[in-house]
Amino acid sequence: MYDHLTIVRHPLVQHKLTIMRDKDTSTKSFRQLLREISLLLAYEITREMPMTTKRIETPLTEMDAPVIEGKKMALISILRAGNGLLDGVLELIPAARVGFVGLYRDEKTLQPVQYYFKVPDGLDERLVIAVDPMLATGNSSAAAVDLLKQAGAKDIRFLCLLAAPEGVARMKEAHPDVPIVTAALDEKLNEKGYIVPGLGDAGDRMFGTK
Ligand code: URA
């Protein structure tokens, strides 16, 4: 069931996540911790990147040294909460290209509707990492990945902070080829679609809105 899911159990990740979950943690601390955690998650999600070698000269000799193969990767933020993860990931991978996908949920149909889509060119030749802190129902994540595939993306990974079993199952059904990396798999969704125990509304907590 969860073979496409990686949970990053590193003590630093888990400790920071616990502080983020606490309802008394300030917006400032929440944002800072999200930045720190996203660096660690980015480290994990890029673990299996294809490598090649490049001939270089050290002060002592020539050598074939390892470098990442292929075009610069593309980071795609799923608005608006994705931007919180994006900042940290960009710190680790500053040369990455960046795109944005905006989706809202239609009140009547409950289906995700696109309101913004701007992505780097050559997606078909890039590793594409879609970032969204909360994988809840999985409907908007699956729709965002649909759009990325329509734009040509072939090698997509999904990075989130928290996942609900429902969201993981939805993504597996819609996109079994997309590996997911998260800091925790929580218990369930509540009747309003919030992850439980969760951390509340990630966008509100990182931007100080309500
Ligand atoms: N989005 C959030 O911000 N929080 C949740 O718990 C679920 C979706």
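Counting starts at 1 for both ligands and their atoms, following the listed order. This chain uses plain numbering: 1 for the first residue, then up along the sequence. Values below: every heavy atom of this structure, side chains too, minus hydrogens, waters and symmetry copies.
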[Y] and [X], any side-chain heavy atoms less than 4.5 Å apart:
| X | Y | result |
| --- | --- | --- |
| Thr182 | Val8 | no |
| Lys72 | Pro120 | no |
| Val131 | Ser77 | yes |

- So between Ala81, Gly200, Ala136, whose heavy atom ends up nearest atom 4 (N) of ligand 1? Gly200
- Non-hydrogen atom of Ala164 closer than 4.0 Å to ligand 1: no
- For ligand 1, is any non-hydrogen atom under 4.0 Å from Ala202's backbone (N, CA, C, O), its side chain (CB onward), both, or neither? both
- Check: Arg80/Thr209 side-chain N/O donor and acceptor closer than 3.5 Å: yes
Report all side-chain donor-acceptor pairs from residues 148-155 shorter than 3.5 Å, counting only partners two or more places apart or in another chain.
from, atom 1, to, atom 2, distance (Å)
Lys149, NZ, His175, ND1, 2.9
Lys149, NZ, Asp177, OD1, 2.9
Lys149, NZ, Asp177, OD2, 3.1

- Item | Ligand-side contact atoms (ligand 1) for residue partner Gly193, heavy atom cut-off under 4.0 Å | 7 (C)
- Hey, which atoms in ligand 1 end up nearer than 4.0 Å to a heavy atom of Met134? 1 (N), 2 (C), 3 (O), 4 (N), 5 (C), 6 (O), 8 (C)
- Query: Closest non-hydrogen protein atom to atom 6 (O) of ligand 1, residue and atom name please, with distance?
  - Reply: Ile195 N, 2.7 Å
